[in-house]
Novice: 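The following block contains the structure, expressed as structure tokens.
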Amino acid sequence: MALLPIICYPDERLHTVAKPVTAVDARIQTLIADMLETMYESNGVGLAATQVDVHERVVVMDISEGRDAPLVLINPNMLWISPEKHLNEEGCLSVPGIYDGVQRHDAIKVEALDREGNARFIEADGLLSVCIQHEMDHLLGKVFVEYLSPLKRNRIKTKLLKAQREGRVAKLV
């Protein structure tokens with residue numbers, strides 16, 4: 001396993017739409033293992049392949065208290081979203097140190113392949129629902145700050161570019 005570099009906003013690669021995984025093979029298994037290691041090492045609850053500059057539809061997450069219940073979604077597809085929404089404070093490994101409120105659907109139903117390539121269906125609410133929606137946005141080339149006002153987004157961009165210049169977060173490659 002290896003730690004992967006996480007792309008930081010406002011890097012344009014974060015806006016790349018991910019392509020479907022065509023085969024759950026050894027390469028994808030290695031990617032999953034590396035993504036999980038990277039997510040845990042970075043103290044995140046979720047990570048999309050887009051964030052590590054792999055533009056395929058793979059997401060890993062773990063919202064468990066013990067950080068011992070990884071969830072892998074390959075080629076996730078949203079089947080249903082509740083009409084009810086709530087404002088949730090979100091952060092992102094690609095937007096380090098920034099947290100803000102985002103409206104997300106309260107509950108969702110998703111189909112995806114699991115780590116072994118088997119079809120699975122997930123009904124989620126609460127933090128799991130928020131996490132899945134957040135990570136699926138990454139696969140569509142969308143970062144959570146895009147839900148914020150242009151003023152907030154520009155402030156975040158300026159703050160992160162300054163932090164990158166000063167070496168406090170990873171520089172754009």
Side-chain angles (χ1 to χ4, degrees), residues 4-21 31-32 34-65 67 69-115 120-150 152-153 155-157 159-160 169-170:
L4 303 170
I6 297 173
I7 299 171
C8 287
Y9 182 81
D11 193 307
E12 283 300 314
R13 293 173 291 177
L14 289 169
H15 300 295
T16 304
V17 176
K19 296 186 180 348
V21 171
L31 174 65
I32 290 166
D34 291 348
M35 287 175 62
L36 284 167
E37 182 179 359
T38 302
M39 178 191 72
Y40 288 129
E41 182 68 26
S42 303
N43 294 315
V45 295
L47 186 66
T50 302
Q51 294 175 270
V52 293
D53 204 21
V54 177
H55 303 286
E56 294 181 84
R57 295 182 57 77
V58 177
V59 166
V60 300
M61 57 189 77
D62 188 342
I63 63 166
S64 68
E65 285 289 322
R67 310 288 285 146
L71 175 64
V72 175
L73 302 177
I74 300 169
N75 296 335
N77 180 40
M78 195 74 67
L79 298 175
W80 174 84
I81 54 174
S82 68
E84 300 83 22
K85 292 183 173 184
H86 274 96
L87 187 66
N88 304 281
E89 185 165 281
E90 292 187 27
C92 181
L93 293 175
S94 290
V95 190
I98 305 295
Y99 299 88
D100 212 319
V102 176
Q103 288 275 339
R104 298 281 186 189
H105 297 277
D106 287 350
I108 59 171
K109 292 181 184 174
V110 176
E111 66 177 338
L113 299 178
D114 66 13
R115 191 175 193 160
R120 68 176 301 174
F121 295 88
I122 299 170
E123 294 184 16
D125 60 10
L127 179 58
L128 181 57
S129 172
V130 170
C131 191
I132 291 172
Q133 291 173 75
H134 177 108
E135 299 307 331
M136 285 183 69
D137 272 355
H138 277 299
L139 300 179
L140 297 172
K142 188 168 188 175
V143 181
F144 90 96
V145 296
E146 293 171 45
Y147 288 101
L148 307 177
S149 71
K152 278 188 177 182
R153 211 171 30 251
R155 285 183 179 162
I156 290 167
K157 182 178 180 179
K159 181 177 181 176
L160 289 175
V169 297

Novice: Do the side chains of Val21 and Leu113 get nearer than 4.5 Å, heavy atoms only?
Specialist: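 A side-chain contact under 4.5 Å is absent here.
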Novice: Restricting to non-hydrogen atoms, name the atom on Leu160 and the atom on Pro96 that form the minimum distance, rounded to 0.1 Å.
Specialist: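 In terms of heavy atoms, the two residues are closest at CD2-O, 3.7 Å.
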Novice: With distance as the sole test, does Gln133 use its side chain to make a donor-acceptor pair with the main-chain N or O of His105 at under 3.5 Å?
Specialist: yes
Novice: Evaluate side chain to side chain contact (heavy atoms under 4.5 Å, CB included) for Leu71 paired with Arg120, printing each intermediate quantity in order.
Specialist: CA-CA 11 Å; Leu71 175 64; Arg120 68 176 301 174; 3.3 Å; yes
Novice: Distance under 6.0 Å and angle within 45° of the ring axis: does Lys152 meet both against Tyr147?
Specialist: no
Novice: For a quick test of reading the model, state the closest non-hydrogen atom pair linking Asp62 to Ala69 and the distance between them.
Specialist: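 So the minimum-distance heavy-atom pair works out to OD2-N, 2.9 Å.
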Novice: Can you tell me how far the CD1 atom of Ile122 sits from the NZ atom of Lys109, to the nearest 0.5 Å?
Specialist: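 Rounded to the nearest 0.5 Å, the CD1-NZ separation comes to 13.0 Å.
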Novice: Please round to the nearest 0.5 Å and tell me the distance separating atom CD1 of Ile63 and atom OG of Ser129.
Specialist: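 Interatomic distance, Ile63 CD1 to Ser129 OG, rounded to 0.5 Å: 10.0 Å.
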Novice: How far apart are the C-alpha atoms of Val60 and Val72, what are their side-chain angles, what is the distance that settles it, and do they pass the side chain to side chain contact (heavy atoms under 4.5 Å, CB included) test?
Specialist: CA-CA 5 Å; Val60 300; Val72 175; 4.1 Å; yes
Novice: Which of these passes side-chain contact (heavy atoms from CB on, under 4.5 Å) with Pro20: Ile74, Asn77, Val58, Asn75?
Specialist: Asn75
Novice: Any non-hydrogen side-chain atom of Gln51 less than 4.5 Å from a side-chain atom of Cys92?
Specialist: yes
Novice: Could you give me the CA-CA distance, side-chain angles and deciding distance for Val145 and Lys157, then say whether side chain to side chain contact (heavy atoms under 4.5 Å, CB included) is met?
Specialist: CA-CA 9 Å; Val145 296; Lys157 182 178 180 179; over 6 Å; no
Novice: One pair to check against side chain to side chain contact (heavy atoms under 4.5 Å, CB included): Asn88 and His134. What are the steps and the verdict?
Specialist: CA-CA 11 Å; Asn88 304 281; His134 177 108; over 6 Å; no
Novice: Looking at every heavy atom in both Ile98 and Phe144, which two are closest together, and how far apart are they?
Specialist: O-CZ, 3.8 Å
Novice: Is there a donor-acceptor contact under 3.5 Å from the side chain of Glu41 to the main chain of Thr38?
Specialist: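 No; zero donor-acceptor contacts below 3.5 Å.
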Novice: With side chains defined as the heavy atoms from C-beta onward, is the minimum distance between Ile156 and Arg153 less than 4.5 Å?
Specialist: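 With C-beta onward as the side chain, the pair stays apart.
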Novice: Once you round to the nearest 0.5 Å, how far does NE2 of His55 lie from NE2 of His15?
Specialist: 11.5 Å
Novice: Can you name the nearest heavy-atom pair linking Ser42 to Ile6, along with the distance?
Specialist: OG-CD1, 3.6 Å
Novice: Take Asp137 and Arg104 through the salt bridge (charged side-chain N to carboxylate O under 4.0 Å, His left out) test and state the conclusion after the steps.
Specialist: CA-CA 11 Å; Asp137 272 355; Arg104 298 281 186 189; 2.8 Å; yes
Novice: Taking Ala18's backbone N and O only, do any of them form a donor-acceptor pair with Arg57's side chain (distance below 3.5 Å, no angle check)?
Specialist: no
Novice: Would you name the heavy atoms of Leu139 and Glu56 that are closest together and state the gap between them?
Specialist: CD2-O, 3.8 Å
Novice: Could you grab the distance from atom CG of Leu73 to atom CD1 of Ile32, nearest 0.5 Å is fine?
Specialist: 10.0 Å
Novice: Strictly distance-based, threshold 3.5 Å: is any side-chain N or O of Ser82 a donor or acceptor partner for the main-chain N or O of Asp106?
Specialist: yes
Novice: Determine the minimum heavy-atom distance between Pro70 and Tyr40, stating which atoms define it.
Specialist: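 The answer is CB-OH, 3.5 Å.
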Novice: To the nearest 0.5 angstrom, please state how far the CD atom of Glu90 sits from the CG atom of Leu148.
Specialist: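 So the gap between those two atoms works out to 9.0 Å.
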Novice: Atom CG of Leu14 and atom CD1 of Ile7: how far apart are they, to the nearest 0.5 Å?
Specialist: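 One finds 5.0 Å between CG of Leu14 and CD1 of Ile7.
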Novice: Just checking Arg155: does its CZ atom have more than 12 heavy atoms from other residues, nucleotides or ligands closer to it than 6.0 angstrom?
Specialist: no
